[in-house]
Every structure is written in structure tokens, then in C-alpha cells.
Amino acid sequence: MQAIDLHVHSTHSDGTCTTKELVDLAIYKGLKAIALTDHDTTAGLEEIMEYAKDKNIEIIPGIELSTEYCGRDIHILGLYINPYNAKFQEHLGTFQEARINRNRKMCENLAKQGIDITYEDLMNTFKGAVVTRAHYARYLFDKGYVKSMKEAFERYVGDHCKAFVPREKITPAQAVNLILEAGGIPVLAHPILYRFSDAHLDKLVAELKEAGLMGLEAVYSTYAPSEERYVKRLAAKYDLLITGGSDFHGTNKKDIDLGNGRGHLFVPEEILAKIKAVYLDRFIPYEKNTKSVLFFDLDGTLLNDEKTISPRTRTALEACIKKGHIFVISSGRAYSSIIKIVERLGLENCSPLISSFNGSQIYHLEKKEMLHSVKLSVDIIAGIRDLAKEMGVHLQSYSDTHVLTESINKNVTFYCDYVKNKYELLPDIAAKGLETYKLLAVDLDNRKLLETFRSKVEKLYKGKVQCFFSNNWFLEILPYGTTKGTALKFVCDYAGIDYKYSYAFADAENDLPMLEAAAYPVVLLNGIPAAKASARFITFTDNNHEGLAPFLEKLSED
């Protein structure tokens with residue numbers, strides 16, 4: 001069994017290792033997973049997730065919030081938080097502003113005691129970090145004012161020193177609520193370190209359980225065996241998860257090593273499995289046998305980069321269908337392209353409904369009937385085509401079976417290979433009778449050009465068209481008011497299923513309306529930040545590593 005470490009800090013707060021160094025060190029030590037839990041910031045999460053995505057290690061997005069209770073600092077960990085949650089980031093901004101004001105005052109106090117320091121000096125010394133008292137101690141030590149960081153705390157920045165300025169802090173219960181709002185698992189960090197009496201700690205845990213606390217950090221670097229047993233008993237008493245971590249800070253805590261603390265720490269991977277199970281329990285908040293509608297984007301979501309469905313995901317999907325859930329493919333692709341995928345993957349008996357062209361077309365496979373369609377007029381097509389020519393942007397239209405293009409170039413050949421569709425060369429894609437469900441602007445080299453083109457199209461045809469990026473190269477242009485979100489609502493109404501039983505699985509910008517319309521929006525780990533900001537759930541792994549499987553397995557449980 002491999003070890004994990006669910007309490008780790010980087011240079012984005014008061015650690016001395018960069019996020020890349022943390023990942024490399026964790027892999028070297030053979031850890032299965034680590035949680036980045038920097039103090040009051042999520043600044044390092046996107047960076048560490050990006051660096052670790054092709055490596056054999058899981059990164060749990062986390063945070064450690066500083067709070068105050070009965071005059072003592074209490075820390076609340078958040079595991080599997082959504083760092084893109086707008087409200088959560090707004091609260092963190094408030095914390096950071098309070099921290100800035102406090103740091104300015106502490107610098108002023110140190111200067112009054114003869115220390116050559118300014119707030120600007122401090123920030124330049126520790127660029128990008130959430131500055132804590134450990135940074136002050138490091139600064140004083142490096143400048144020769146003290147002989148050790150311990151002396152810096154004893155003489156200058158400790159709780160009762162003249163330079164110390166207390167921070168404005170929230171309560172532990174407020175921190176628990178913030179983490180829950182961000183979709184995370186709130187955990188009371190290192191409860192033994194607060195040196196409460198047994199009765200006082202019990203009272204704190206009871207209060208936080210009432211607020212929504214879900215775990216206690218029961219395995220920790222400095223615990224004696226008896227202390228670990230005590231915290232585990234407390235967790236059992238209040239039906240809480242147990243978590244564990246080293247609280248690794250690099251050289252700021254020289255005696256604490258990543259993964260094994262002071263040499264004897266071992267946090268087994270089974271702890272993480274139980275945390276994931278609790279996270280997934282929130283995915284089914286109603287009776288398990290209730291029929292739901294499941295909307296799946298294709299590229300980057302249901303399909304891996306090889307354009308196939310992994311065996312585990314397929315098995316889970318088929319189990320969902322047997323349970324009575326309605327499986328709907330919702331893609332920006334043309335109907336003809338989706339049909340080819342359905343046939344190639346043997347999904348004919350799985351998905352009775354297809355939403356193509358980002359919701360402009362809804363087709364019933366079994367009935368072979370078009371249930372809904374909306375098209376762009378040839379006048380609009382011609383105007384946008386003319387603008388594309390003027391700006392040097394490749395623009396293509398669609399028939400029911402082919403991509404329609406006025407020129408053959410690398411953009412159209414790449415696209416047709418990407419979606420496995422054929423193109424037809426025409427002198428005029430805006431000729432009479434060639435209304436289309438969508439237009440697509442493609443540029444493999446210049447995303448900025450597509451963004452400029454988008455702005456002009458939206459200004460010229462305001463209220464008539466809408467534009468979305470489905471990836472970095474493809475700009476979708478659709479009839480106004482037609483989206484994957486409107487398709488989701490249409491299908492729910494058609495199937496007679498309440499919206500509150502709708503799920504959307506997606507990853508890209510053109511999926512945003514679908515994510516916003518669904519009761520349970522799920523975004524793949526490889527999804528763009530804007531999609532994750534709309535998510536209630538983010539998968540543990542990406543589309544190439546069974547990202548959907550645990551969620552579909554949960555939906556298919558008896």
C-alpha cells in the first residue's frame with residue numbers, strides 16, 4: 001500500500017519548495033497523492049495540477065484557512081475544493097487584504113525597533129508568497145538581526161512582542177462553511193496542537209460537526225501514538241473522516257519531511273479512498289432509483305484523446321442506462337459526425353437522443369426523427385463569411401452530411417480529420433438554400449485572431465448570433481438563444497424529467513450554458529477554468545485517466 005500526504009505547503013504560502021519541487025519530491029518518495037494546502041490561498045493549485053497531469057501522482061486541490069477560537073489560532077483544511085469558485089475567491093480576497101494591512105503595520109513596528117525593513121522590501125524578498133510570521137523570521141535571520149528564526153519569534157514577531165499585530169480572522173465554523181460552499185471536505189487540522197483539554201476539544205469538534213465539519217486530522221507528524229488513537233476515537237464519536245499529513249514546509253520546518261514527517265509518519269492511501277467516497281456521496285442527493293438525464297460532451301469528456309471510451313467508463317455508462325438513466329450526447333459536432341462515432345463505438349442502443357451543433361439540432365436515433373432544429377439565414381452566413389475573408393479567417397459551414405468550405409487549407413483538413421467528417425468544396429457557402437445550423441471559424445496558429453473576429457461578429461450581429469470556443473482552435477457561431485443549455489431543457493421537457501434530475505459532464509467554453517442549466521454540473525479535471533467555475537463537481541482525474549468512471553459508478557449503484 002502506498003502512502004499519501006494530505007497536508008503540504010509550497011512557496012505560495014510559507015513553504016520553501018515550489019509546486020514543481022513538491023511534485024518531483026513526492027514522486028521520488030513514492031507517494032500516491034499529495035494535497036497542496038497553502039495558507040489562505042489557492043494560487044499554486046493550477047500550477048501544480050498542470051505540472052503533475054502527465055505524472056503518476058494525484059494532486060488534491062486544498063487550502064488551510066486560519067481562524068480564531070477562544071483566543072487561539074485554529075486551522076481548517078479544505079480538501080477537494082473548487083479553486084475556481086467565484087464566491088470562495090471573493091472571500092479569500094478579503095482575507096488577503098486584511099493580511100496586507102497587517103503586514104504593513106508589522107513592518108512599521110519593526111522599523112520603530114531599528115530594523116531596516118519596509119513592506120515593499122518584504123514583498124520583493126518573498127515574491128508571490130502569502131507572507132506569514134515565518135517570512136519575517138527568515139528576513140530577520142538573513143539580514144543578521146537574529147541568530148535563529150526561533151530568536152526572531154522570541155524577540156520580534158511572537159504573540160507578545162512589540163512588532164506583533166494580530167490578524168482579523170474568521171471563526172472555524174465560518175471557515176467550514178466557506179469550504180463547503182467551494183465543494184470541499186472541511187477538516188480540523190492537527191487538533192492536538194491546540195492544547196485544549198479533552199472536554200474543550202470535544203466541545204469544539206461538536207460545534208464544528210454541527211456547522212458541517214467532515215474530518216479530523218488524526219495522523220500527523222508530531223503526534224504520539226496515544227494522541228493519534230485519541231483523535232481517531234474522537235472522529236469515530238462524531239462520525240467524521242480521518243485524514244493525515246506531514247504539514248511539510250520544507251526548510252522552514254527542517255525536522256518535518258514530506259510523506260513521513262519525523263521519520264515514522266505513514267498515511268495509508270485507503271484514507272483517501274474513504275474521503276473520495278464521501279465526496280461522491282453528495283453526487284446523489286435524492287433517491288437512488290430516480291431516473292435522470294445525463295448529458296455528455298464528447299471531445300475532452302466522454303472520449304479520451306484517442307477518441308475512444310475507456311472500458312471502465314463504458315461499463316459504468318452501460319450500468320447507468322440499465323438503471324433507467326437517459327444518456328444524451330451533446331456536442332458541437334455535426335449530426336453526421338456524431339452518428340459515425342455512435343456507430344464506431346457501438347452506442348446505438350445506448351443513446352436515443354443526440355444534440356448536435358451545440359444544441360441547434362436534436363435528433364431521436366430510435367425514431368429517426370428530428371425533434372428540434374434552428375438555422376442561421378444565408379444573409380447572416382454571407383455577412384460573416386465576408387468579414388472572415390477580410391480578416392483572413394477560415395470559415396466553414398455545414399450540410400447534413402458534409403463540412404462546406406470555399407477553400408482547401410490546413411485548417412479545414414485538420415478539422416475534418418479531427419472529427420472524422422468529409423468536406424465539400426463550394427464556390428459560395430452562403431448560396432440560396434444553404435442555411436446551416438452553425439458556422440465554424442478555425443485557426444490552428446492564431447487564437448488572438450479568432451478572439452478579434454469573435455468580437456466583431458458579436459458586435460455586428462448582436463441578438464442574432466452567439467459565439468463560443470470549443471477549444472483553442474475552433475470558434476463556434478450559432479443562432480442566438482441556441483445552446484447546449486437550451487438543448488438540455490428541451491430534452492428534459494421532452495422526456496418528462498424535472499431539471500433537478502439533470503447532470504451535465506463537460507470541459508469547454510461551449511459547454512458553459514449546459515453546465516449552468518444542469519442541476520449537477522460535472523467538469524473534467526482537464527476542463528478550462530471557466531467551466532470549472534460553473535461546476536459543482538470536478539473529477540479526480542482527466543478524460544485520459546477514467547475521469548468520468550467514479551461518478552457514473554455512483555449513479556449506477558443499487
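All residue numbers in this chain count up from 1 along the given sequence.
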Checklist entry - Which atom pair, heavy atoms only, marks the closest approach of L515 to A504? => result CD2-O, 4.1 Å
Checklist entry - Is the side chain of E210 donor-acceptor paired with the backbone N or O of E207 at a distance under 3.5 Å, no angle test? => result no
Next on the checklist: Could you check whether any side-chain N or O of H249 sits under 3.5 Å from a backbone N or O of D247, counting only pairs where one atom can act as donor and the other as acceptor?
Outcome noted: yes
Checklist entry - Rounded to the nearest 0.5 Å, how far does CG of D297 lie from CG of L302? => result 8.5 Å
Item to check | D305 and N544 side chains, donor-acceptor separation under 3.5 Å | outcome: yes
Next on the checklist: Walk me through whether Y156 and Y136 qualify under ring pair (Phe, Tyr, Trp, His ring centres under 6.0 Å).
Outcome noted: CA-CA 9 Å; Y156 294 105; Y136 284 95; over 10 Å; no
Item to check | F164: ring pair (Phe, Tyr, Trp, His ring centres under 6.0 Å) partners, not counting sequence neighbours | outcome: none
Item to check | Stepwise salt bridge (charged side-chain N to carboxylate O under 4.0 Å, His left out) test for K143 and D121 | outcome: CA-CA 12 Å; K143 297 292 183 180; D121 290 339; over 6 Å; no
Item to check | Pi-cation contact, Y51 with K55 (under 6.0 Å, within 45°) | outcome: yes
Checklist entry - Between E227 and K232, is a salt bridge (charged side-chain N to carboxylate O under 4.0 Å, His left out) present by the stated rule, with each step listed? => result CA-CA 9 Å; E227 291 172 328; K232 287 181 176 178; over 6 Å; no
Checklist entry - Pick one: which of I329, L548, V328, L303 meets side-chain contact (heavy atoms from CB on, under 4.5 Å) with F296? => result L548
Item to check | Pair E318 + K322: basic N to acidic O under 4.0 Å | outcome: no
Item to check | Main-chain N/O of L188 paired to E217 side chain as donor or acceptor, under 3.5 Å | outcome: no
Checklist entry - Below 4.5 Å, heavy atoms only, C-beta onward: do H12 and L45 meet side chain to side chain? => result no
Checklist entry - Between atom CD1 of I34 and atom CG of L258, what is the distance when rounded to the nearest 0.5 Å? => result 6.0 Å
Checklist entry - What distance separates T301 OG1 from D507 CG, expressed to the nearest 0.5 Å? => result 3.5 Å
Checklist outcome for this item: Heavy-atom nearest pair, Y279 first then R536, reads OH-O, 4.2 Å
Item to check | Minimum heavy-atom distance E68-P172, with the two atoms named | outcome: O-CD, 3.3 Å
Checklist entry - Who passes ring pair (Phe, Tyr, Trp, His ring centres under 6.0 Å) against H190, sequence neighbours left out? => result H7, H75, Y194, Y220
Item to check | Residues that N109 engages under side chain to side chain donor-acceptor pair (under 3.5 Å), provided they are two or more places apart | outcome: none
Next on the checklist: Which heavy atom of Y230 sits nearest to which heavy atom of L201, and what is that distance?
Outcome noted: CE2-CD2, 3.8 Å
Item to check | Side chain S10, main chain T19, donor-acceptor under 3.5 Å | outcome: no
Checklist entry - If every non-hydrogen atom of K532 is compared with every non-hydrogen atom of G527, which pair is closest and at what distance? => result CE-O, 3.2 Å
Next on the checklist: Quick one: does any side-chain atom of N471 pair with a main-chain N or O of A508 as donor and acceptor, under 3.5 Å?
Outcome noted: no
Item to check | Worked check of side-chain hydrogen bond (donor to acceptor under 3.5 Å, both in side chains) between Q89 and T42 | outcome: CA-CA 9 Å; Q89 288 300 331; T42 61; 2.8 Å; yes
Next on the checklist: Is the positively charged end of K276 above the ring of F540, judged by distance under 6.0 angstrom from the centroid and angle within 45° of the axis?
Outcome noted: yes
Checklist entry - What pair of heavy atoms forms the shortest contact from D40 to I63, and how long is it? => result C-CD1, 3.9 Å
